[in-house]
There are 6 protein chains.
Amino acid sequence: MRTVRILVTNCNTTRTMTEEIVRGARSAASPGTTVTGLTPAWGVESAEGWLDSYLSAAAVLDTLRTYDGPPYDAVVLAGFGEHGREGVRELVDVPVVDITEAAAHLACLLGRRYGVVTTLERSCGQIEDSLETAGVARNCAAVVGTGLGVLDLGDTDRTEAAFLAAAERARRAGAEVLVLGCAGMTGLQRTLGEELGLPVVDGVGAAVRLAESLVALGLRTSRAGSYARPVVKGRVWGPPEP
Amino acid sequence: MRTVRILVTNCNTTRTMTEEIVRGARSAASPGTTVTGLTPAWGVESAEGWLDSYLSAAAVLDTLRTYDGPPYDAVVLAGFGEHGREGVRELVDVPVVDITEAAAHLACLLGRRYGVVTTLERSCGQIEDSLETAGVARNCAAVVGTGLGVLDLGDTDRTEAAFLAAAERARRAGAEVLVLGCAGMTGLQRTLGEELGLPVVDGVGAAVRLAESLVALGLRTSRAGSYARPVVKGRVWGPPEP
Amino acid sequence: MRTVRILVTNCNTTRTMTEEIVRGARSAASPGTTVTGLTPAWGVESAEGWLDSYLSAAAVLDTLRTYDGPPYDAVVLAGFGEHGREGVRELVDVPVVDITEAAAHLACLLGRRYGVVTTLERSCGQIEDSLETAGVARNCAAVVGTGLGVLDLGDTDRTEAAFLAAAERARRAGAEVLVLGCAGMTGLQRTLGEELGLPVVDGVGAAVRLAESLVALGLRTSRAGSYARPVVKGRVWGPPEP
Amino acid sequence: MRTVRILVTNCNTTRTMTEEIVRGARSAASPGTTVTGLTPAWGVESAEGWLDSYLSAAAVLDTLRTYDGPPYDAVVLAGFGEHGREGVRELVDVPVVDITEAAAHLACLLGRRYGVVTTLERSCGQIEDSLETAGVARNCAAVVGTGLGVLDLGDTDRTEAAFLAAAERARRAGAEVLVLGCAGMTGLQRTLGEELGLPVVDGVGAAVRLAESLVALGLRTSRAGSYARPVVKGRVWGPPEP
Amino acid sequence: MRTVRILVTNCNTTRTMTEEIVRGARSAASPGTTVTGLTPAWGVESAEGWLDSYLSAAAVLDTLRTYDGPPYDAVVLAGFGEHGREGVRELVDVPVVDITEAAAHLACLLGRRYGVVTTLERSCGQIEDSLETAGVARNCAAVVGTGLGVLDLGDTDRTEAAFLAAAERARRAGAEVLVLGCAGMTGLQRTLGEELGLPVVDGVGAAVRLAESLVALGLRTSRAGSYARPVVKGRVWGPPEP
Amino acid sequence: MRTVRILVTNCNTTRTMTEEIVRGARSAASPGTTVTGLTPAWGVESAEGWLDSYLSAAAVLDTLRTYDGPPYDAVVLAGFGEHGREGVRELVDVPVVDITEAAAHLACLLGRRYGVVTTLERSCGQIEDSLETAGVARNCAAVVGTGLGVLDLGDTDRTEAAFLAAAERARRAGAEVLVLGCAGMTGLQRTLGEELGLPVVDGVGAAVRLAESLVALGLRTSRAGSYARPVVKGRVWGPPEP
């Protein structure tokens, strides 16, 4: 059995979050899969809003571009609703799966409509746009905020209570399946799913499994059209030294 | 490592096609997965058109309903564009993945737009509707027919030529990834992909991997809303004896 | 004046419901129209959910396929939100009108947005999909359930109260016209319309009138593309004898 | 048998066209229906383009507003793609059917996609907008111009040739059913349908039958929301005398 | 600096409203812009509903057609949600901007979703259709009525209270920016914006600025396709003398 | 007359292109407007593809964040189809207009459908997504590539020939107005417009005028919801020194 090596890339610079994400990824991965976490060398300590998301996208691209660790077979992008996935598809020669789209793809298989529960309300728009361009927004009934910041998610009780309240709003909007709308929520899916009586999809796990699937099936990003390799040209990653 | 047992259900009664599908499914499956083929006990010898599709849906449901073989962890429905998936989701307690949606889900991860190449032109509408309600039609650039019937697919040379011509039409419509639009095409993805220089997704393999993923992640169809268990009531599966 | 002979096909096996539907159809029909009821020889005693709907579709197709009564000029399919209409369009050489689409077509002529009030909440999704593929979902403001099963509709008082409550939800969602979302509701349109001060469209009556119209105008289903005649091939309608 | 009295309103001031439309309407009407033609007292001699369409809408509204002939049970608006229908719905207490929407409603029952063949290319946009707001654009594959002006349609040979060429373009775009996109084409549906092997729907006939249906079913325009009666206020219909 | 001469056309015959609109237009215009008000010579004293809107469209077209005042460089159509803009684009050789679309265009630049607050609920549908065909409905979260008639807007306190209540509904539906949905509301944008803490866009000011922009950039309506010049033909604008 | 100070931000580091853009911006600006060009301190020498676009977005954000030149009243983002606009809306307190959306907004006022002609085919998808999320894709008939790279645009003859060929494709797809799909094309609009007989909109000029309009009308980005100010937190803009 061939080993699949997945590089799970955090969208922010908080190493404890990378560790949590890696834990979640490993618990979801197949036996023959290795998971390596990658923390961007620069960028945001937590991505909340568009400015953070664009900074994060560049930092993730730069970190992957300059990565010189062991080889990998697929990239998982672990920023829910964050930008960058199309750029990574251009950059690397292996399959790339973003946790936003991944969660939505699996959620579509589990019910007629799904809902996303995320952190701050301000992130809802980004997530909606990300689902739209990924081609999976049609069956999304609602994207709902909990009012919690990414770094507040450590407080499990508060997170669970806020999640349950938001989940109820998504359900009233027609959601039959829920998606954890933040990589930092990874791990909540089982407890919350039981309380809610609904399937809860975690994007990290979903993305790991989808990445494994693409690797196993020998599928790679199309180079025809949108995701051709980057043109060779002058690029400067970050401000010049003063 | 836990074994995942997948029941791959053909949509028609042609056993040789079940065998081919099972071969395709096995070659795509993880090491720890067993694949059992199921051929409907009644229905159509090949599904081409709406009437066939509805007959097939009932036959598949009945066959699954009365199935008394070894237990299984997931169902793969191997009729491309055929009806029935929502009914099977009501019927069984395990995840259900249809090859139509499965291929589209993976195709969305590989390019910005995908195209489907299928058999007869008359099947295109059904496939479009199936993708639409599955929530993955947004990034479908075209569904194109080859003019070949399901049972003509045995003639490999003719099939390949017809596929390449149809693929060219899909590519001109914007497709960056192709989907094999018939379970009977399983196996063509590698040769055709190389000739075309595009990723080619086979729905059977895609569905097997997605089914494994759902099982591994402990995810099941939502019982809230659309896919509640069938109500207990009088049902007669097939005409009374004369 | 030429007589138009309409075959009104119930989607379930409950003969009393066929009788009610026929009564509704006759009261809506033109003087020169004869209405014959057809009850499927097999299938479901009431169609509630996707599994029932697919079983019903095959049973209706088989019953029409083997029908050997007097000739008819059009078929009305009297299962609201149920599958099968495209298959029947392939099968028969006369116009086919489904009560779901029929009600929506007329409702569009009576207000800017319409709403559907149906039986169980679980049926809403099927109806939405049926309206979508029929091409008339754009002006549908809401599909709302009453919580009543098909066979509960005999209790008129309860049905009316539940309908009025659900109608109010549809109206708040923007509906200016209502549609009775179940063949078993036929007959309620006048009383309910008066109480609500809104037009209420019954699909059975709508379909009968549309079927008459197509016949009178000499229009038949297109055989070009989607609804070509079924291909000649092996088909088995129902399980083999044990 | 109750008589249904339909007022068929031309959108332009050309009386010979009103006569043709009335002939078409009568040949499509039920035995118990009387058809009266109404020619606007002012407006355009043929409606081609938006300016004409808005002038026509006001003239039609004024003509109906000041109409003092025998009572009528329904209004048919015989300007394909022309404005005004919502205003007429506010104005009169009987059902109102526009030939644009009427043709599309019936066409949807006859195939999965329909196409419209109209006069000048400049009219295509108006027709698309009219179908969109009527809620029936979803299954429209194409609106195609013939390059002929409304008043050129008298030359039958040229019209037929131009129609056949345009129909071919619609068919290639996916149309399985065709719609005559101008009231002045009424009468061509049978000959053209035979040559093309496709059903061809004439909006005048379709609207007459739909209007009869609404009357027979006791259905009227909803007064809740959009089409409430016009508010009483000062209105001047046409320029003051100099 | 070249002067830009804008003809601001009221949609109704109430001269005091023209004056208010002109005041609003002037306060929004660039220093080098002159604003001339044009009151239709006939039509409605206030446009509320479809009938009024079509009457208004013809009256505005006739008034512009027969206008013989000083030359102008652009036309602003100051009827929110009213018909006619495409006809005016055919008629005149200068840019034409409708306040409905203008407000929406600017609103899209200020937030991810906008809402419209208008007069009577019955106008909401027209506004939705107008935004849709103008191509700017996608980011409209809601169109909400205040229940006030156009001519009630003189009562500032009542208008403000009603506007604030309706604005709250729009905000709950996701609006981050508000649009004043009636020309008669011009002037309220600053006070209301401050109270709400949201940007409020007035269509009259928006249209004046967009018209100036088109003139300055040397851009005119395309004559290719939809908005070709009206065909020369017989037209009668208003009823014949008795 | 108050001066409006516009900061026009190039998306790439090529100063000659900033100069050209500034020239285009100045020739489009009102007399009372000053235009300052801003070249990102890092990033791409030309943005072609998603990776470039995300790098460019971060570089533009960082350059604006650290900008310490004279104050400005609005920002124009001069990267056609490039990312970043929502982030800049969060960052600065003045109106932000992106040339992609700006061109589309004006194009919608000039014809019923517009088309975009851009550089490489690979950029088409990004532009489509940018128009979609900006809310102005509905009336876009086509986005067409010329096959030229951004830095090839200096060769005017070749650029014009390629533009005309691509414009013809857009026109056949229904475009009545064209948009220059690259900041580097600024200046071509007049010559090309005359040859084509269609209005041609340059995004730089359009954005300058829209920015002036927002400033003059006192309108600023909404802080409610999506574009709230960035949360205070740790951010590192660029890789740490080695």
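What you see is a predicted model, and the numbers here were worked out from it, not measured in a lab.
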Would you please go through residues 121-130 of chain D and name the residues with a non-hydrogen atom below 4.5 Å from one of chain E, in numerical order? D:R122, D:D129

Among E:V60, E:N12, E:V44, which residue forms the greatest number of heavy-atom pairs with chain D at distances under 4.5 Å? E:V44

So which residues of residues 91-105 of chain E are in contact with chain D at a heavy-atom cut-off of under 4.5 Å? E:L91

Part of residues 66-77 of chain D lying next to chain E, heavy-atom separation under 4.5 Å: none

So which residue, D:P40, D:G225, D:S46, ends up with the most heavy-atom pairs under 4.5 Å with chain E? D:S46

Please report the shortest heavy-atom distance between E:W237 and D:W42, naming the atom on each side. C-CE3, 3.8 Å

Is the ring pair D:Y227/E:W50 parallel, tilted or perpendicular, if the boundaries are 30 and 60 degrees? tilted

Residue E:A59 versus chain D: region with a heavy atom under 4.5 Å: neither

Looking at E:G84, E:G145, E:P230, which has the largest count of heavy-atom pairs under 4.5 Å with chain D? E:G84

Which atom pair, heavy atoms only, marks the closest approach of D:A41 to E:P240? O-CD, 3.6 Å

Only pairs of heavy atoms separated by less than 4.5 Å count here; which of E:E45, E:E86, E:R85, E:H83 has the most with chain D? E:E86

Interface residue of largest heavy-atom contact number with chain E, from D:G49, D:G87, D:A224, under 4.5 Å: D:G87

Heavy atoms under 4.5 Å from chain D: which residues of residues 51-58 of chain E carry them? E:L51, E:D52, E:Y54, E:L55, E:A57, E:A58

